[in-house]
Amino acid sequence: MKADPAPLPRILVLASGQGSNLQALIDASRERDFPGQIIAVGCNRPGAFALERAGQANIESFVVDHTRFDSREAFDAQLMAEIRRRDPDVIVLAGFMRILTTDFVRAFRGRMLNVHPSLLPRYTGLNTHQRALDAGDRVHGTSVHFVTEELDGGPVIAQAEVTIEPNDTADTLAEKVQAQEHVLYPVVLRWFCEGRIQLGADGVLFDGAPLRAPLILPAS
Ligand code: GRF
C-alpha cells in the first residue's frame, strides 16, 4: 500500500491592493508540481482587488480592516488571531501596506516573506522608483526578503534587476519592476516550500549553507 503523500506547506498571503503579485503566486501554485498550497488571503482593505482575485481562484479570504482599530497593536492582535486559526506554514506579504508590530514579526520569524520594489538595502520605504531615478541609478529592481523587526531590513534571499533607460519614469519603472516580481516571488516561494531556504541566526541559509549575497536574476 502506498503511504499518503505529506501534506503540502500551507501558504497564507497578505495583500492590500491590486494583488498582481498575489495573482502570480496563485498562477504558480496551480502548476501541478508546485510544492505548496495557498490556503487563504488576508487583506486590510475591504474593497481591495486582491480579494476579488482570491474569490475568482476559489481561495478563502478574510478582511481585518485597520481603520476599525484604535492602535497598531489591536489590529495586529486581530490579524494574528485570524492567521493562527488557519495555521499556515508561511506568510507571504504581497503588497501588504501595513507596518507590523515587533510582537507580530517575532511570532512568525523565519516564516514570513516580503517583496520590496528596490534592490535592498537601497531605498527602504516608499517611492523607491522615483528615488532610484533621482539618484541617477542605471540598475533598479526588486528584492524578496525574510521579514524581521527592521522595516524592509530583513535578510535578502533573491533580487531581480531592471535596467533603467533614459526615458524611464517612476511609472514605467514600477511596471518593469512588477513584471520581475511576478517571476521572482513564485521562484522564492517554491524554494521556501521545498525547505531550501531558511532564516538562520546570521542570515539566510540556502540548502543549509549561509547565503553570502542575494541570488540575482539579472536584467534581460
Ligand atoms: C509591489 O510592487 C511590491 O513590491 C510592493 O507593493 C507592490 C504591490 O503590488 N510591496 P500588487 O498589489 O502585488 O499588484
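Counting starts at 1 for both ligands and their atoms, following the listed order.
Cluster partners of V177, using a side-chain heavy-atom cutoff of under 4.5 Å among ILVMFWY residues and allowing indirect links, are L133, V162, I164, L173.
Annotation: cation-pi geometry satisfied between R86 and F62 (NZ/CZ under 6.0 angstrom from ring centroid, within 45° of ring axis).
Of all heavy-atom pairs spanning V41 and L22, the tightest one is CG2-CD1, 3.7 Å.
In this structure, F96 and F75 have parallel ring planes: the angle between them is below the 30° cut-off, well short of the 60° mark.
A 4.5 Å side-chain heavy-atom check between L151 and I99 finds at least one atom pair inside the cut-off. The side-chain heavy atoms of L79 and F104, taken from C-beta on, include a pair separated by under 4.5 Å.
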For a distance cut-off of 3.5 Å, show me each N or O of ligand 1 paired with any protein N or O, plus the separation.
unit_1	atom_1	unit_2	atom_2	d
ligand 1	2 (O)	Q178	NE2	3.2
ligand 1	2 (O)	E181	OE1	2.9
ligand 1	2 (O)	E181	OE2	3.4
ligand 1	4 (O)	E181	OE1	3.3
ligand 1	4 (O)	E181	OE2	2.5
ligand 1	9 (O)	Q178	NE2	2.9
ligand 1	10 (N)	V115	O	3.2
ligand 1	12 (O)	G19	N	2.8
ligand 1	13 (O)	S20	N	3.3
ligand 1	13 (O)	N21	N	2.8
ligand 1	13 (O)	N21	ND2	2.9
ligand 1	14 (O)	S20	N	2.8
ligand 1	14 (O)	S20	OG	2.5

